Each structure stands twice: as structure tokens, then as C-alpha cells.
J.: 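The structure is given below, and queries will be raised subsequently.
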Amino acid sequence: NGAISTGSVSNLIVQGSGSATLTQGIGLRVNGIFNVSLDQVMVFNFFQGYYWKAYNTNGLGGKMWQTYTGRIKDAHLVVDSWAELEIAQSRFGVNGTSDLGAATYLRFQSAALANPAAAANTFDCMNCQFNEGNGAAHVNHWVEFVNFASGFPTDDAEIFRFTNNHIENV
């Protein structure tokens, strides 16, 4: 939390149990660190899947490679004031009837209204699948933006790139 260092998590499954995780639980939270890598990580049965949280400029640079979510109630991925996040070769949602019809696949939100450079920005998502599969209620949003300053995007917060992604059930 707030450390100026790097970190990584790989080859991990994080599974919630019981209904409490579906009202408030987060599968994996990255909190105010620099240059984090998540590689082959799965979160399952939570209110929110992945949560990237930055504090002003503490929290910058991140990579998600072959990451997965399933049975998420609210948001598969929340990017909260985090800059420079890249995702590749990942899947949000699983096939079958275990998915719930989440509120959103991707939520970008910002608490740093006075400092757009410290807001969620510079996001790159390539070769990912957004699909809750068979039997799930439809997801309400593929991408949503919450609590951004008036006039967003600004000069500092304007790169959101999506390349070769597959989106279903929205």
C-alpha cells in the first residue's frame, strides 16, 4: 500500500465462499503500488473481481496477462484512479450457469477530481473476452465511467484502447 516498488502475483485461484462475498467482497485488490503484474490469476464468486486502487499518484502501471473472473455480482474489474493498466489474453465471465449477470465488466472511476492526471487513464485491453456465457442474465454495461470531473477526458486522461476483444451478453 503506497510502496514505490513492483510486485507480481501468478498462478493463483482466489475463490470466495458464501453469500457475503457477493455483497461486499473483492477477489484481488491492488492497492497503491507501482508496476504490478498479474499472470494467470482467477477470481471467482465475489462482489467485485479485480480492484486497482491508486491514491493521487501512488498506484501506477499494471499488467494483467491471462487473468479470469467468474460469478461476479457487481464489477469484474474496477479501475479506481489507477493510471497505465494493460490487459491481454484474459476472460471476464465463464461458460455455464454459474455467472450472475454482473452490473458491469469494466468500471473506471476517479476520486481525484482535482487532478485528472491521477485519474484512471491510459488503459489498453487486447485479445480479451467479455462473456458471462450460457444461462446468465445479461451484464448491464461493458464499460462504465463513474465520478470523473466535468469535461472528462482531459489532456491527461484520454487513452482508452480496446483491440481484438470479444463482447457478449451486454
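What you are looking at is a predicted structure, and each value in this text was computed from that prediction instead of being measured. In this chain, residues are counted from 1 in sequence order.
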J.: Regarding Thr67 and Ser90, do their side chains bring together a donor and an acceptor under 3.5 Å, going by distance alone?
T.: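 Distance-only check passes for Thr67 and Ser90.
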J.: Under a 4.5 Å side-chain heavy-atom rule over Ile, Leu, Val, Met, Phe, Trp and Tyr, are Ile87 and Trp65 clustered together?
T.: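 Ile87 and Trp65: separate clusters.
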J.: Taking all heavy atoms of Leu22 and all of Phe47, pick out the closest pair and write down the distance.
T.: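 Looking at all heavy atoms of both residues, the closest pair is O-CD1, 3.0 Å.
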J.: Nearest 0.5 Å please: distance from the CG atom of Asn165 over to the CE atom of Met126.
T.: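 With rounding to 0.5 Å, CG (Asn165) is 9.5 Å from CE (Met126).
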J.: Scan side-chain atoms only and decide if Gln66 and Gln40 contain a donor-acceptor pair under the 3.5 Å cut-off.
T.: yes
J.: Is Thr104 close to Asn140 at the side-chain level, that is, under 4.5 Å between some pair of heavy atoms?
T.: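 They are not in side-chain contact.
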J.: Any side-chain to backbone donor/acceptor pair from Asn164 onto Asn127? Under 3.5 Å, distance only.
T.: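 No; zero donor-acceptor contacts below 3.5 Å.
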J.: Identify the two heavy atoms, one from Tyr51 and one from Ile26, that lie closest to each other, and give their separation to 0.1 Å.
T.: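 In this case the closest contact between Tyr51 and Ile26 is CB-CG2, 3.8 Å.
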J.: Would you say the side chains of Asp74 and Gln48 form a donor-acceptor pair under 3.5 Å?
T.: yes
J.: Cluster question for you: counting only ILVMFWY and a side-chain heavy-atom cut-off of under 4.5 Å, with indirect links fine, are Val78 and Trp142 together?
T.: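 Different clusters.
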J.: Using the rule that Ile, Leu, Val, Met, Phe, Trp and Tyr join whenever any side-chain heavy atoms are under 4.5 Å apart, tell me whether Phe123 and Val170 fall into a single cluster.
T.: yes
J.: Is it the case that atom CG in Leu12 sees more than 12 heavy atoms from other parts of the structure closer than 6.0 Å?
T.: yes
J.: Could you walk me through whether Phe162 and Phe130 pass the ring-ring contact (aromatic ring centres under 6.0 Å, His included) test, one step at a time?
T.: CA-CA 12 Å; Phe162 298 90; Phe130 300 87; 7.5 Å; no
J.: Assert yes or no for the condition that the ring centre distance of Phe145 to Phe160 is strictly below 6.0 Å.
T.: yes
J.: Quick one: pull up NE2 in His76 and CZ in Arg91 and give me the separation to the nearest 0.5 Å.
T.: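 Separation between the atoms: 10.0 Å.
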J.: How long is the straight-line distance from NE2 of His141 back to CG of Leu106, given to the nearest 0.5 Å?
T.: 12.0 Å
J.: State, to 0.1 Å, how close Asn131 and Asp99 come at their nearest heavy-atom pair, and which atoms those are.
T.: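 Heavy atoms of Asn131 and Asp99 come nearest at O-OD2, 4.4 Å.
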J.: Answer whether the closest heavy-atom distance between the side chains of Ile72 and Phe46 falls below 4.5 Å.
T.: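 SC-SC contact between Ile72 and Phe46 confirmed.
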J.: Are the side chains of Tyr68 and Ile13 in touch, meaning some heavy atoms are under 4.5 Å apart?
T.: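 No. Closest side-chain heavy atoms not under 4.5 Å.
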J.: Assess Arg71 against Phe44: is NZ or CZ under 6.0 Å from the centre of the six-membered ring, and within 45 degrees of the ring's axis?
T.: no
J.: Are any non-hydrogen side-chain atoms of Tyr50 and Val30 less than 4.5 angstrom apart?
T.: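 Sidechains of Val30 and Tyr50: no contact.
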J.: How many angstroms lie between atom CD of Glu84 and atom CG of Asp124, to the nearest 0.5 angstrom?
T.: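 Between Glu84 CD and Asp124 CG, I get 11.5 Å after rounding to 0.5 Å.
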J.: Got a second to check how far Cys128's SG is from Ile167's CD1, nearest 0.5 Å?
T.: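 One finds 9.5 Å between SG of Cys128 and CD1 of Ile167.
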J.: Looking at every heavy atom in both Trp82 and Leu60, which two are closest together, and how far apart are they?
T.: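 Here Trp82 and Leu60 meet closest at CZ2-N, 3.6 Å.
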J.: May I ask you to test the Leu38-Trp52 pair for a side-chain heavy-atom distance under 4.5 Å?
T.: yes
J.: Are any side-chain N or O atoms of Glu132 and backbone N or O atoms of Ala102, one a donor and one an acceptor, separated by less than 3.5 Å?
T.: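 Here the side-chain-to-backbone pair exists.
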J.: Once rounded to the nearest 0.5 Å, what's the spacing between atom CD of Glu144 and atom CZ of Phe108?
T.: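 CZ of Phe108 is found 10.5 Å from CD of Glu144.
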